[in-house]
Amino acid sequence: MQPRLKLDIAWRRVLGAALRPERPAPPVSAYRGVFKEGALVPALSVRTLFDAALTALSAQPGEAIVMSAVTIENMAEIARGHGLVIHAVDIDPDTLQPPPGALAQAQARSGARIAVVSRLFGDGAPIADAARLAASGCALIEDCAQGFPPDSPSQEAGLGVKLFSFGPIKRATALGGALAVSPDISTAKALEAVLEGYPALSGAWYRNRALKYLALKALSLPPVYAALIQGLQISGRDPDAVIGGAARGFAGADLMTAIRRRPPGALLDVMARQIADCPPAAPRRALAQAFAQRLPEGLHAPAAGLEAHAWWLFPVITQEPDALVAALRKAGFDATRGATSLRVIDHEAAPRAAALLANIVYLPHPAEMGARPRERLLAALYAAAEAPRGRRNTRVV
């Protein structure tokens with residue numbers, strides 16, 4: 001069975017993390033890689049950086065914060081943990097961003113000093129309201145956790161900070177870690193001041209983490225993965241819940257305590273190496289866009305036409321998500337409806353976002369398999385698309 005997501009890190013690097021967990025942190029210049037401009041601030045996770053940014057910006061309880069309506073649930077939890085009142089802004093399924101004017105209007109109505117946009121599935125297109133938010137004095141935080149490597153790494157004038165993740169299921173994973181990129185030195189220094197007050201995690205913590213993900217990487221080999229899925233189903237356990245929970249970096253932890261930590265030097269060393277070695281986004285994007293153009297009628301990949309798209313995942317929209325998942329799993333492809341922790345912050349305020357997530361299915365990524373299994377996946381999608389037509393055309397005599 002083709003797994004839906006593979007750990008994007010070489011075996012030797014995971015083994016190195018397990019065997020050499022005590023290493024000094026590299027200089028900040030080591031993270032530069034594709035980030036040619038802007039000040040860089042490393043941290044444990046994007047959650048850590050977002051929490052620190054709210055502290056650095058002196059966010060006060062009762063203040064408004066504008067957020068695009070789809071984000072991981074922890075981001076909304078962190079905002080509420082600071083006592084902020086979230087004003088969710090609906091997104092356009094074709095661009096995966098709030099439509100032009102929506103962020104600025106929400107900021108003007110609420111008086112928010114901070115706006116947060118989550119870059120879904122690798123979207124990297126310019127934010128339509130960035131200039132208007134900057135002119136109003138509103139700090140813009142871009143959650144680019146799903147968007148490495150970036151297509152446009154340079155910072156646009158007036159933007160506050162971009163947050164990139166190297167967590168377990170991300171591109172170029174370091175099994176943890178994150179990087180803030182800002183054109184403003186004072187913003188970077190304010191973030192650093194908050195982070196320096198946190199206690200440091202040990203090398204032993206990173207060694208244990210590496211051993212866990214070494215096991216998960218082994219389990220993602222197609223024959224082993226098929227046996228795992230079958231075993232979970234026989235035992236009556238939900239494969240999505242088990243696998244999704246195992247891959248998450250902060251599952252079961254007290255969130256605010258867990259994120260307010262400094263990463264060990266070995267994690268930062270691996271993160272710097274992963275950034276340096278990560279291939280460009282263009283080949284992956286070209287392959288994903290070509291596959292998206294061949295999808296059968298009734299299926300489409302959201303924002304498939306965006307030029308600035310890192311294609312972290314390969315989602316498709318369908319009117320029959322459960323039937324599609326069942327058909328693909330029967331054909332040997334581990335599709336899922338909800339293995340990520342993406343959530344709609346406010347369903348009433350964001351009906352288009354709610355409809356998007358209600359009808360989404362995540363496929364095993366076409367760029368992470370060979371040409372032959374890629375053609376088999378396409379054939380399975382066409383067979384699944386034909387099945388409802390067959391049912392509609394069947395007459396009961």
Side-chain angles (χ1 to χ4, degrees), residues 5-46 48-49 119 122 124 142-155 161-183 185 188 191-192 195 200-201 203 205-207 209-211 213-214 216-217 220 249 262-288 308-313 365 367-368:
L5 196 63
K6 300 177 181 178
L7 291 179
D8 188 23
I9 185 171
W11 287 98
R12 58 179 175 79
R13 198 149 280 168
V14 187
L15 283 167
L19 299 175
R20 295 181 55 233
E22 302 291 346
R23 278 176 273 176
V28 172
S29 60
Y31 312 115
R32 184 59 62 184
V34 296
F35 302 108
K36 305 303 182 186
E37 302 174 23
L40 307 179
V41 181
L44 179 63
S45 70
V46 161
T48 303
L49 287 167
R119 301 297 209 144
E142 292 185 62
D143 178 1
C144 303
Q146 302 177 5
F148 184 84
D151 280 291
S152 302
S154 62
Q155 301 297 296
V161 63
K162 294 186 177 185
L163 311 179
F164 293 89
S165 174
F166 301 89
I169 61 174
K170 302 300 191 302
R171 295 288 314 282
T173 178
L175 313 180
L179 199 65
V181 186
S182 176
I185 296 295
L191 277 174
E192 288 172 346
L195 297 171
L201 291 165
W205 173 88
Y206 192 51
R207 179 192 62 236
R209 191 176 183 87
L211 289 170
Y213 288 106
L214 187 64
L216 288 177
K217 187 172 175 66
S220 70
R262 286 186 288 119
L267 186 156
L268 297 177
D269 179 71
V270 171
M271 187 171 81
R273 294 171 188 270
Q274 289 288 89
I275 292 171
D277 294 346
C278 186
R284 182 183 180 94
R285 181 177 63 246
L287 198 154
H309 198 328
W311 288 93
W312 171 56
L313 296 177
H365 206 296
E368 295 174 359

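FYI, the numbering just counts along the sequence from 1.
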Output all residues satisfying side-chain contact (heavy atoms from CB on, under 4.5 Å) with [X], sequence neighbours left out; order by chain, then residue number.
X	value
Leu287	Pro366, Ala367, Arg374
Pro263	Leu44, Leu267, Leu268
Pro21	Arg207
Ala43	Thr48, Leu49, Leu195

How close do [X] and [Y] get, counting heavy atoms only, and between which atoms?
X	Y	answer
Thr173	Gln274	O-NE2, 2.7 Å
Ala17	Ala210	CB-CB, 3.7 Å
Trp312	His365	O-CD2, 3.5 Å
Leu40	Glu192	O-OE2, 4.2 Å
Leu201	Pro264	O-CB, 3.6 Å
Ile275	Gly33	CG2-CA, 4.0 Å

Derivation of the side-chain contact (heavy atoms from CB on, under 4.5 Å) call for Val270 and Ile9: CA-CA 10 Å; Val270 171; Ile9 185 171; 4.3 Å; yes
Give, for atom CD1 of Ile169 and atom CG of Leu175, the distance between the pair rounded to the nearest 0.5 Å. 12.5 Å
If you round to the nearest 0.5 Å, how far is NE2 of His309 from CZ of Arg119? 11.0 Å
Any side-chain heavy atom of [X] sitting closer than 4.5 Å to one from [Y]?
X	Y	answer
Pro149	Arg171	yes
Tyr213	Leu216	yes
Val34	Pro150	yes
Arg284	Glu368	yes
Leu179	Pro42	yes
Lys217	Pro168	no

Residue pairs involving residues 22-34 (criterion side chain to side chain donor-acceptor pair (under 3.5 Å); sequence neighbours excluded): Arg23-Asp269
Should the ring pair Phe148 and Phe166 be called parallel, tilted or perpendicular, given that the plane angle runs from 0 to 90° and is split at 30 and 60? perpendicular
Any salt bridge (Lys or Arg N to Asp or Glu O under 4.0 Å) pairs touching residues 12-21, not counting sequence neighbours? Arg13-Asp277
